[in-house]
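Here is the structure we will look at.
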Amino acid sequence: MSAKNTSFTQTPLLQVENLQTGFKIDGDFFNAVEGVSFEVKRKQIVGVVGESGCGKSVMSLSIMQLLPTGIGKIRGGEVKFEGENISKLSDKKMNNIRGKDISMIFQEPMTSLNPVFTIGYQIEEVILNHEKISKKEARLRSVSLLKSVGIPRADKIVDEYPHQLSGGMRQRVMIAMAIACQPKLLIADEPTTALDVTVQAQILDLLKGIQEANDMAIILITHDLGVVAEICDEVLVMYAGKIVEKATVDELFNNPKHPYTDLLMKAIPRMDEDVEVLATIDGLVPSVMNMPEVGCRFANRCPSAMPECLTVTPRLGEVAAHHEAACLLYDESWPEGTKPYREGASMA
Amino acid sequence: MKKNKSLLWLFALILVLSAFLAACGGDDSGSSSDDADKKEETETETEAEGTTEGEPQAGGTLVYGIDAPPEGLFSSAFYGIATDFEVIDLYDEPLITYNENLEPIPNVASWETEDNKVFTFTFKEGVKWHNGEELTVNDWLFALETIANKDYDGPRYTNVQTIEGAEAFRNGEADTISGIEVVSDYEIKITFDQARVNNLTNLWVYALPESVMGDVPVAEMSGSEWVRSTPIGIGPFKIENIVAGESVELSKNEDYWNGDVNLDKIVVRVIDNSSVVGALQNGDVDMLSLQPVSGPEVEPLENVEIITYPGLSYYYVGFKLGKFDNDSQTIVEENPKYQDKQLRQAMMYALNRQEWVDAFFFGYANVVNAPVPSSHWNAADNSELNTYEYDPEKAKTLLDEAGYVDQNGDGFREDPNGDEFIVKFSHYATGNPTFESRAQAITQYFEEVGLQSELEMVEVNLYYDMIEKDDPAIETFFGGWGTGADPDPSGLWKADQLWNYPRYNNPEADKLLDDALDIEVVGTDQAKRAELYIEWQKIVNEDLPMLYIAELEEIVALNNRVGGVEYDVSGQNNPAEWFVTE
Amino acid sequence: MLKYTIKRLLGTIPMLILISIVVFSLAKLMPGDSLSGEIDPLNTNPEYIEEMREKLGYNEPLPVQYFNWITGFVQGDFGKSTKYKTDVFDIIMEKVPNTLLLGVISLIITYILAFSMGMYSGRRPYTIGDNAIAGINYIMLAIPSFVAAVVAIYFFSFHLNWFPFGGSVDILIEKGSFEYYLSKLHHVLLPALVLGAMGTASYTQFLRNDIIENSRKDFVRTARAKGTPIRKIYNVHILRNSIIPLVTFLGFDFAALIGGAIITESIFTYPGIGMLFLDSVTSRDYPTLMALTMLLSFLTLAGNLIADLLYGVVDPRIRLD
Amino acid sequence: MASSTTLTQQKKPERSLSPWQIARKKFLKNKLAMISSVFIIIVTLLSIAAPFLAQYLSPLPDIAKVNIGSMNIPPNSEHILGTDKSGRDVLTRLFYGGRISLLVGFSATLMVIVLGTIVGSIAGFFGGLVDNILMRFTDLVLTFPFLVFVIVLNTILYGIVDGLWVLIIVIGILSWGGVARLVRSKVLAEKENEYIMAALSIGCSPFKVIVKHLLPNVASTIIVQATLIFASMIVVESALSYLGFGVPQATPSWGIMLSSANEPDVLQGKPWIWMPPALILTLTILSINFIGEGLKDALNPKSLR
Amino acid sequence: MTTRDFIQDRIDSLENRDVLLEVQNLKTYYPVRGGFFKRTIGHVKAVDDVSFTIRKGETLGLVGESGCGKSTTGRTILRLLKPTDGQILFEGKEITKISGAKLQKARRDFQMVFQDPYASLNPTQMVGDIIAEPILNYEKRNKKELEQEIKSLLSKVGLPEAAYYKYAHEFSGGQRQRIGIARALALNPKLIVADEPVSALDVSVQSQVLNLLKELQIEFDLTYLFIAHDLSVVKHMSDRIGVMYLGNLVEVASNRDLYKEPLHPYTQALISAIPEPNTAIKKERIVLEGDVPSPQNPPTGCPFHTRCPMAMEVCSKEKPPLKEVRPGHHVACVLY
């Protein structure tokens with residue numbers, strides 16, 4: 001929010017380049033995120049979708065360097081925030097960024113709040129972590145923050161404990177905490193999954209409102225394509241630790257390219273149309289421990305798979321305007337004449 | 001002259017019993033029965049066996065160890081446990097004491113009698129209680145009346161019972177004890193209900209400070225602060241401070257009537273048996289009584305000296321020969337199992353008592369052949385008795401003769417009727433593991449001569465209950481008696497006595513005991529009495545209603561820096577003479 | 001909270017009544033007729049015994065006897081000790097300060113040791129330091145307390161002469177002076193160390209595991225996401241949560257310690273409730289025995305209550321009303 | 001992470017490992033627990049074989065017998081661990097002691113576990129009034145100061161029931177409360193799992209649900225708890241015996257053997273009498289605890305679910 | 001035939017079939033206990049006066065937010081919970097009050113598919129045993145035959161026969177749910193209550209299970225009570241849908257009617273709140289204020305009036321009954 005800000009207008013807020021994050025299983029590291037690259041522009045809402053275990057949460061934790069110590073580790077790539085590589089920062093330096101420039105909210109608002117401290121204490125903490133102000137001021141700020149996220153009786157609630165609030169209220173508290181220092185980027189990891197649909201609507205509205213009011217960028221991680229369609233500008237689809245498709249939201253929903261994305265959309269029962277038989281994806285996601293070295297990771301489940309899919313690793317490449325997919329079906333570098341036919345890429 | 005704590009034997013019997021019944025607490029090694037045996041102070045004609053050397057010097061603090069927590073009944077009239085008495089003995093003293101021949105000698109009081117029925121006592125003047133009040137005969141009268149009071153809850157009534165009118169006083173039929181007549185502040189006349197040889201030795205000879213306890217109702221006395229926290233006496237030390245259950249601080253009585261007191265202070269503290277050796281070695285305690293088992297460990301310590309002196313207690317294996325009827329105070333029923341004298345004698349021959357004593361008492365005990373400790377003046381010499389030397393062959397022969405032979409070839413003898421014969425032997429159990437092994441050893445001796453034996457370890461409280469009530473589960477039993485200054489064994493042996501545990505019923509023997517006390521028969525001639533007692537001992541030595549095992553020696557450990565301490569059979573000398581060198 | 005406390009206190013009453021019935025029955029079942037202690041054992045005169053039985057109410061039907069006993073008990077009349085010939089209440093009160101001191105000091109020792117070791121281990125699980133602490137703890141857990149006590153006396157009192165080997169205070173020191181309290185402390189330290197060290201192991205492991213578990217909780221991630229330094233996360237966020245179960249142990253320990261003190265006190269000849277209890281068992285001092293048993297049962301109940309109350313205090317999720 | 005549950009589908013043998021087999025495999029891999037198990041097995045075998053072994057161990061095989069001639073002998077070639085104050089061979093007695101200590105520990109544990117499991121599972125499964133009554137009763141038992149009641153009860157039963165069964169019964173009666181509470185809380189938690197409701201919905205009787213569905217799933221907790229109780233029961237036996245309220249004096253348990261350390265001459269002067277039982281007691285408890293930890297790891301519900 | 005026609009066809013044919021289950025004024029309260037003797041100090045009114053019927057071969061969907069009582073309704077119908085009041089008629093027979101052996105016998109006809117694929121299978125049992133158990137509870141069977149039968153059942157739900165010898169922990173969530181379905185099918189029941197059967201599953205797996213359930217319904221002529229919080233899933237699965245709020249059924253209508261023309265304000269809000277994976281649809285969203293009140297202390301009158309954007313004064317006073325306002329369309333709201 002300063003002059004410095006303007007000088008960086010051209011630089012994306014966040015650049016993730018070839019990120020590789022590994023997890024230790026039985027003494028060996030296995031990559032849960034494999035070469036993920038994307039960027040987030042200022043004030044942009046980027047959605048990350050994928051089924052459980054696809055690495056979307058790990059990726060978000062990697063950006064924040066919140067991977068469980070000793071178990072999770074960034075093994076390659078860079079995370080640049082406002083042009084500065086933050087993936088190699090010490091924990092102490094990182095603490096200056098966490099909660100201030102980038103903050104995060106999580107899926108389970110109950111367990112994400114410390115049960116033994118008051119709401120006020122937990123919001124004040126983030127403020128006091130980053131700003132030299134008195135406790136009293138911090139408390140006043142907390143109350144106004146709570147008000148700003150739509151919590152009634154905020155001056156009472158500050159002295160209450162998380163368990164005294166409903167799930168939706170707790171998620172509001174989490175949001176208040178996350179925006180306390182007016183971060184430039186908010187990472188929301190499945191923020192509405194644990195909530196009822198009517199409450200989810202409230203929270204999504206709130207997020208959207210806050211994003212607009214604070215000129216904040218959001219990375220919204222979710223498995224719910226509907227949520228993405230609701231509020232995101234751009235979408236990343238992840239599968240087995242990799243980004244398989246990246247597009248603006250309209251482009252993606254109207255014109256899904258990757259067979260995985262396509263199937264995913266057809267597997268969901270829709271309110272707006274009646275389908276007797278839903279699309280399914282057979283088989284299972286390969287285990288992190290025996291991920292194929294080469295080839296497409298979706299190949300063994302893909303109805304459009306070709307023999308080459310097992311041997312050639314597809315790269316993320318532009319398939320349309322503002323639309324990239326990692327699939328051999330669209331790979332322009334595929335030798336002329338041998339390009340596979342693309343019938344069956346989308347299911348009837 | 002030695003100031004002995006001789007009065008104790010008057011109640012030794014009581015003590016043993018109460019100790020057995022009640023004193024086993026506190027000390028988890030549970031060796032209280034041993035304590036009780038050991039604590040019975042002794043006397044004989046023999047010379048003191050140990051004195052310490054060095055020039056007396058004034059000042060200093062001596063740490064005196066006791067092996068069980070005191071109960072806190074610090075009054076001669078009320079105490080029930082030996083450790084309490086050890087404290088009492090430091091701050092109070094009896095009016096009459098005993099010499100090394102266990103003969104009564106004047107202390108504060110001297111006496112005259114012509115017929116052993118009426119005694120006139122004269123008190124020394126100027127003897128003061130620790131609170132400054134002078135001791136008069138009224139304090140003694142107070143003590144006697146307290147003990148004779150029906151509300152009195154201590155165990156000493158037997159020591160005033162023989163005074164004329166005591167019974168009536170106790171029953172509330174009289175306001176005073178008719179047999180007591182106060183002549184002046186320093187003279188008092190006591191009349192007994194009948195003339196007895198041992199009236200004096202049986203009499204209660206401690207005073208109670210009327211000046212402080214006079215207002216306390218008798219029923220509340222034992223719980224009063226005068227007994228529990230601020231007792232006073234006339235002894236060389238006075239109680240300064242009591243930490244209940246662990247230690248007592250005594251300081252020098254500047255006004256002591258009987259000469260100078262050397263030590264400034266005596267601290268009495270509880271030393272658990274398991275800590276005895278370490279505490280002695282480190283000099284944490286200067287003086288304490290030892291259990292035989294500690295003897296061999298303490299002996300090598302360079303800074304500690306061991307003194308032994310004859311004890312007045314003995315161990316035995318008793319047979320239940322009959323059943324006692326409490327109402328009629330007679331033995332009513334005979335138990336046939338051990339009636340055969342030959343059987344009992346055979347069992348006596350079967351015991352290797354010397355080996356047993358050496359193994360379990362480490363040389364601090366001697367084999368006995370009759371129920372009178374050898375240091376008593378009326379003890380029979382071994383030459384006059386059958387000593388039943390260990391002779392398994394003879395035991396076997398006797399058993400064969402008596403008809404106890406192995407008829408079914410199982411290696412064990414059957415009784416003359418051919419029925420299975422098992423010696424059921426009981427021993428009390430506490431936490432002390434040696435009890436089991438010493439009892440086991442006895443049964444093994446029986447088995448060696450072909451008598452099948454079974455050992456039953458019975459919890460100690462239950463044990464004496466069962467013996468006293470002639471529980472049929474008890475057939476032969478291990479026991480110990482402590483005797484007193486009065487060598488008369490009547491209380492333990494006559495057919496009308498509850499404590500005649502074997503229920504030994506021999507009118508001839510009873511007659512001898514009666515005669516030995518009968519002033520008409522023996523007058524005041526001690527030699528004549530001794531003769532009768534020896535005669536009696538020959539009978540019980542032959543009859544063997546119990547198998548006499550051993551008498552104990554008392555053992556005291558003294559730090560080398562302690563001087564002026566003497567012990568004889570009558571106990572320790574006057575603590576006023578003790579001193580420490582630095 | 002107050003209302004809850006009162007409600008809970010009232011709730012203990014039926015429990016106490018049940019316990020008192022059990023205690024009374026047990027005392028009646030003890031061998032040797034529970035009255036024998038109060039009757040002069042030397043007086044075997046049947047009339048006397050009968051008279052005493054009558055006087056002491058032992059001829060009444062059992063429920064009446066029970067009623068008499070319990071009404072006296074409620075009014076603070078615990079009866080008269082048959083051994084010490086004085087009010088049981090006084091005897092118990094004489095020993096209570098010692099046991100209390102022993103209990104408190106050993107608790108402090110336990111907590112200090114457990115907290116320092118547990119926090120260290122919990123923060124660095126599976127390191128050499130953690131393993132070493134676990135090793136020590138396992139061994140401490142395995143050594144029976146009485147073995148530890150006996151060896152401790154042997155080594156610290158007799159060999160090194162650092163601590164006294166028995167008693168609660170040096171009698172020669174003036175009561176109430178600073179040295180007096182120092183001496184009390186000196187006497188209580190070794191038994192308290194032994195008693196305290198025994199409890200340490202389970203506490204340490206508990207705290208360690210709880211810290212590890214809590215450090216994986218979502219709220220820790222939240223705190224990190226807020227930029228809270230890791231040290232503060234451990235010392236404030238995690239510890240505050242891990243303390244909750246530990247603090248409630250305090251209540252249970254309260255009673256358990258006195259039970260545990262029976263062994264320790266008797267080995268160290270430290271005159272407290274534990275020794276008094278053993279003593280009253282061996283000497284058949286029924287009034288004392290019954291009073292102590294009731295007292296200890298009551299303490300257990302009180303301990304449970306305290307545990308629950310503490311829970312309410314330290315854990316905002318538990319509301320007591 | 002989360003995906004690890006969905007991974008292992010590739011090649012599986014026809015008949016695969018049950019959760020118990022997996023636990024066993026895990027346990028077998030735990031070195032400390034295995035060493036401990038071997039130790040406990042050896043101790044148990046030696047204890048069981050004590051009467052048979054005795055004749056080879058020492059010239060004085062009869063541990064009931066007092067041998068006045070050979071008291072307090074320090075360890076030598078004949079008596080590897082020396083003899084005690086009754087002239088009994090310490091090594092032989094140590095093996096016999098194991099019989100008693102392990103028997104008391106095992107029987108008391110069994111009793112505690114059975115009682116506790118029955119009460120706890122019934123209370124937890126049925127809830128309501130049944131739960132209420134059972135748990136109030138459990139509270140009552142738990143309120144009894146353990147050591148106090150053991151000592152008092154032991155004194156009462158002394159003459160009535162014979163030998164060490166008094167102790168076993170008394171400890172058993174007084175100690176099941178904790179297990180009952182634990183089992184109840186586990187059952188309550190496990191009951192929340194839908195498979196219990198599923199079992200009811202497919203027509204299982206309550207008894208069958210408890211026995212076939214609930215208990216196998218709380219068994220891991222019970223087993224781990226049982227090992228810990230086993231260890232503590234051995235300690236309780238030895239402590240009580242040490243205090244003189246345990247097994248009868250003549251019984252050669254480790255606690256009884258240890259109680260001789262309380263005698264003034266033994267602690268310092270004759271360490272060979274008390275050190276072996278102290279050491280073996282400590283090692284036994286240590287081993288049992290390690291086994292307990294190993295079981296806890298192996299039976300971790302995460303490996304079952 | 002288009003999907004739409006197919007559905008219409010189905011609805012028509014169902015109307016002629018017998019009522020399998022009839023629920024009348026069902027109430028299920030949980031006692032709230034407190035105090036030393038755990039007295040009952042209040043009730044959670046989890047299900048508060050619910051009535052509906054299910055015809056044979058039909059799927060009735062129950063939808064609502066967490067805590068609305070839809071699962072409790074399902075479990076009460078299966079008599080896994082004791083109803084506080086009301087009646088449950090199964091094939092015309094009263095099963096509300098039966099218990100013990102009678103209940104056990106009756107349970108043969110109605111089975112359940114559970115929500116949590118991890119918690120609903122006993123981890124100590126082999127899959128074969130899990131599926132065989134219900135059969136063995138009712139019949140004595142030849143072991144070999146039974147094994148064959150179960151293996152064929154396994155393949156019917158899309159699992160390999162080898163699964164018979166495996167344990168639940170070796171399967172993924174979707175596969176476990178198939179095992180759960182196989183167990184429910186083992187007794188050849190007439191009614192299956194599916195309680196959030198796919199809410200714990202990933203989207204791709206969810207579709208497999210939903211497809212499977214539909215296939216099986218046709219194959220075995222099953223009747224479903226399908227409970228879910230996800231309106232689109234319910235819509236996909238059900239012939240008719242009941243919307244629950246705070247223990248009450250606020251609207252019951254056919255699948256199409258409900259979506260096309262939701263009548264109850266709550267249903268309207270619910271439908272509008274669902275984010276559609278379609279950027280072309282820009283809905284006007286009705287965002288409800290506040291939270292669902294506690295079922296322990298429900299508001300008087302219409303349970304929804306505290307959050308209803310159209311609440312009137314009368315709403316807080318009177319609880320509107322569920323009434324049929326259009327053919328086959330029931331709603332409990334004063335507006336109609």
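The basis for the numbers below is simple: all heavy atoms, side chains too, and nothing from hydrogens, waters or symmetry mates. A note on names: the letters A, B, ... follow the listed sequences, proteins ahead of strands, and every chain is numbered from 1.
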Chain E contact via N254(A) - which portion, at a heavy-atom distance below 4.5 Å:
side chain
Relative to chain A, which segment of I286(E) carries a heavy atom at a distance below 4.5 Å: side chain, backbone, both, or neither?
neither
Tell me whether K208(A) at atom NZ has more than 12 heavy atoms from other residues, nucleotides or ligands lying less than 6.0 Å away.
yes
Acceptor/donor pairs from residues 231-242 of chain A side chains to any protein atom, 3.5 angstrom cut, sequence neighbours excluded:
unit_1, atom_1, unit_2, atom_2, d
D233(A), OD2, I45(A), N, 2.8
E234(A), OE1, Q44(A), NE2, 2.8
Y239(A), OH, R301(A), NH1, 3.2

Write down the atom of Q208(E), the atom of I281(A), and the distance for their closest heavy-atom approach.
NE2-O, 2.5 Å
The interface call for N211(E) against chain A, heavy-atom contacts under 4.5 Å, is side chain
Test side-chain contact (heavy atoms from CB on, under 4.5 Å) on E51(A) and S204(E) and set out the steps.
CA-CA 8 Å; E51(A) 294 180 282; S204(E) 60; 2.4 Å; yes
Minimum heavy-atom separation for A229(A) and P277(E), please, with both atom names.
CB-CA, 3.9 Å
Point-to-point distance, once rounded to the nearest 0.5 Å, from OG of S272(E) to CE of M271(A):
10.0 Å
Interatomic distance, Q202(A) atom CD to D291(E) atom CG [nearest 0.5 angstrom]
7.0 Å
Rounded to the nearest 0.5 Å, how far apart are CG of D230(E) and CD1 of I268(A)?
9.5 Å
Portion of V228(A) that has a non-hydrogen atom of chain E nearer than 4.5 angstrom
neither
Checking V203(E) against chain A: side chain, backbone, both or neither under 4.5 Å from a heavy atom?
both
Report yes or no: does S207(E) contribute a side-chain atom to a donor-acceptor pair with the main-chain N or O of A279(A) at less than 3.5 Å?
yes
Option that, when pairs with chain A are counted at under 4.5 Å, heavy atom only, ranks first among V292(E), L210(E), N278(E):
N278(E)
Smallest separation among heavy atoms of E276(A) and H236(E), with atom names:
O-CE1, 3.6 Å
Donor-acceptor check, side chain of D196(A) to backbone of E65(E), threshold 3.5 angstrom: yes or no?
no
Under the side-chain contact (heavy atoms from CB on, under 4.5 Å) criterion, do E276(E) and E230(A) qualify, and how do the steps go?
CA-CA 7 Å; E276(E) 286 286 327; E230(A) 285 274 336; 5.5 Å; no
In Å and rounded to the nearest 0.5 Å, what is the CD1 to OG1 distance from I271(E) to T198(A)?
13.0 Å
Between CG on residue L212(E) and OG1 on residue T280(A), distance to nearest 0.5 Å:
11.0 Å
Less than 4.5 Å to any heavy atom of chain A: does that hold for the side chain of L288(E), its backbone, both, or neither?
both
Between E289(E) and chain A, which part of the residue has a heavy atom less than 4.5 Å away: side chain, backbone, both or neither?
backbone
Residue among R285(E), M237(E), R307(E) with most heavy-atom pairs under 4.5 Å to chain A:
R285(E)
A332(E): which residues meet the side-chain contact (heavy atoms from CB on, under 4.5 Å) condition with it, sequence neighbours left out?
L322(E)
Counting only heavy atoms not in K214(E), do more than 12 sit closer than 6.0 Å to its NZ atom?
yes
